[in-house]
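Presented below is the structure to which this report refers.
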Amino acid sequence: MRGRYVVLSLIMLVLGFLVSFSYQLTKEQRPNNGISSEQWSKEYETRQLLIKQEERNTELQKELFKSQEKVREIEENLKNEKQIYFNLVEDVEKYRMYVGELGVAGEGIEVTLEDSSYIPEGENVNNYIVHEGHIFKVINELLISGASAIAINGQRLSHDSYIYCNGPVVTVDGNQFPAPFVISAIGEPAVLDQALNIAGGIVEQIAYDNIVITLEKKSEIKMNPLLQEKKS
């Protein structure tokens, strides 16, 4: 019995030694793993600050998105306003051109009206010369067909121009011109030519009145501003 107690005592001693050795070894391997309450408190505060900072960053990001959206709206409005102003400038330039304040150049057509070279004996001469009515017919057809500017023998017409016949000459805005009368029009040459040459149209009507009419397409026609013409 005493031998058994001795053996059991030895076993317990060895076991205690192993437990003690294992604890000591573990403690030596992890000497700094223990966290004090003060460290826990600092870590908690740090985490709270980090969370607050992340929340603040989220708010700032939302504000940034809103600001970017406002900037895009402002840019879009400026773009639209720029386009509106550009269109207004274009319209002003176009209207100034129409009323004759600006010189204009472009392709177009020239219509020449000449008195008849042959007058039968005993016929009335007035039935064989160009009158303002013939010129009006050509001008009206050109305007209807989209001509942007028209001139007679270089005299540019405006919205208040007047034309009347005085014997063998035609007076345009106070300036007298003898035949032949060259009516220049800026516009699409093919369209203007087709409008005048349509069956039963202006060319046939004027030719029926014993007037010589010729048409010529031009790659460029230049007209001075009306103010410059009036000054000259």
Side-chain angles (χ1 to χ4, degrees), residues 93-232:
E93 292 296 311
K94 180 176 65 176
Y95 295 141
R96 289 180 66 192
M97 180 188 70
Y98 284 153
V99 299
E101 291 185 7
L102 294 178
V104 62
E107 59 180 355
I109 192 172
E110 282 187 354
V111 182
T112 303
L113 302 179
E114 298 182 68
D115 298 337
S116 177
S117 59
Y118 172 73
I119 301 175
E121 186 177 353
E123 291 288 333
N124 189 343
V125 175
N126 287 327
N127 294 332
Y128 293 85
I129 63 175
V130 179
H131 295 285
E132 70 266 25
H134 301 124
I135 297 175
F136 281 138
K137 286 183 177 181
V138 175
I139 292 175
N140 290 335
E141 189 64 35
L142 291 171
L143 290 173
I144 292 172
S145 303
S148 59
I150 296 177
I152 300 176
N153 286 24
Q155 175 72 42
R156 188 171 172 185
L157 302 182
S158 66
H159 64 285
D160 58 352
S161 290
Y162 61 92
I163 303 171
Y164 67 91
C165 181
N166 185 15
V169 299
V170 169
T171 301
V172 181
D173 294 338
N175 297 315
Q176 292 185 338
F177 299 101
F181 305 103
V182 179
I183 303 172
S184 305
I186 294 177
E188 180 60 41
V191 175
L192 300 179
D193 182 82
Q194 185 177 5
L196 294 173
N197 278 299
I198 191 172
I202 300 303
V203 171
E204 290 188 6
Q205 294 175 23
I206 292 179
Y208 183 77
D209 289 340
N210 303 311
I211 303 301
V212 180
I213 180 171
T214 56
L215 280 68
E216 183 180 1
K217 297 177 183 178
K218 292 287 186 177
S219 59
E220 184 179 43
I221 297 175
K222 294 182 179 180
M223 298 183 189
N224 295 325
L226 283 171
L227 295 178
Q228 179 176 333
E229 291 180 353
K230 290 179 179 179
K231 289 179 182 178
S232 62

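The chain is numbered in sequence order, starting from 1. Side-chain atoms are counted along with the backbone in the values below, which use heavy atoms only and exclude waters and symmetry mates.
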| message | Quick check for you: to the nearest 0.5 Å, what is the distance between N127 atom CG and I211 atom CD1? | response | 9.0 Å
| Of all heavy-atom pairs between R156 and D173, which one has the smallest distance, and what is that distance? | O-OD2, 4.1 Å
| note | Output for pair (T171 OG1, Q176 CD), nearest 0.5 Å, gives 4.0 Å
| query | For Q205, does the CD atom sit with more than 12 other heavy atoms under 6.0 Å from it, leaving out its own atoms? | reply | yes
| message | Within the supplied structure, the quantity of interest is the number of heavy atoms (other residues, nucleotides, ligands) at a distance under 6.0 Å from I198 CD1; does it exceed 12? | response | no
| note | So CZ of F181 and CD of Q155: to nearest 0.5 Å the spacing works out to 13.5 Å
| query | Of the non-hydrogen atoms in P189 and K218, which two are nearest, and what is the gap between them? | reply | CG-O, 4.2 Å
| query | Which pair of heavy atoms, one from A105 and one from K222, lies closest together, and at what distance? | reply | CB-CG, 3.8 Å
| field | Criterion side-chain contact (heavy atoms from CB on, under 4.5 Å) on L215 and V203, from CA distance to verdict | value | CA-CA 9 Å; L215 280 68; V203 171; 3.9 Å; yes
| Which one of L142, L196, I202, L113 satisfies the side-chain contact (heavy atoms from CB on, under 4.5 Å) criterion with K137? | I202
| said: Quick check: closest heavy atoms across N153 and P178, and the distance to 0.1 Å? | reply: ND2-O, 3.8 Å
| field | Minimum-distance pair of heavy atoms, taken over all atoms of I186 and I221 | value | CD1-O, 3.5 Å
Can you give the donor-acceptor pairs under 3.5 Å from side chains of residues 114-125 to other protein atoms, not counting sequence neighbours?
from, atom 1, to, atom 2, distance (Å)
D115, OD1, V130, N, 2.7
S116, OG, Y118, N, 3.3
S116, OG, Y118, O, 2.9
N124, OD1, N126, N, 3.0

| For the atom pair CD1 (I183) and CD1 (I135), what is the distance rounded to the nearest 0.5 Å? | 5.5 Å
| task | Report the distance from atom CD1 of I152 to atom CZ of F177, rounding to the nearest 0.5 Å. | result | 8.0 Å
| According to the interplanar angle, ranging from 0 to 90°, do the rings of H131 and H134 count as parallel (below 30°), tilted (30 to 60°) or perpendicular (above 60°)? | tilted
| Spacing of CD1 belonging to I144 relative to CG belonging to L192, to within rounding of 0.5 Å | 12.0 Å
| What are the two closest heavy atoms between P180 and T112, and how far apart are they? | CB-CG2, 3.9 Å
| task | Given side-chain contact (heavy atoms from CB on, under 4.5 Å), test I139 with I163 step by step and report yes or no. | result | CA-CA 11 Å; I139 292 175; I163 303 171; 3.7 Å; yes
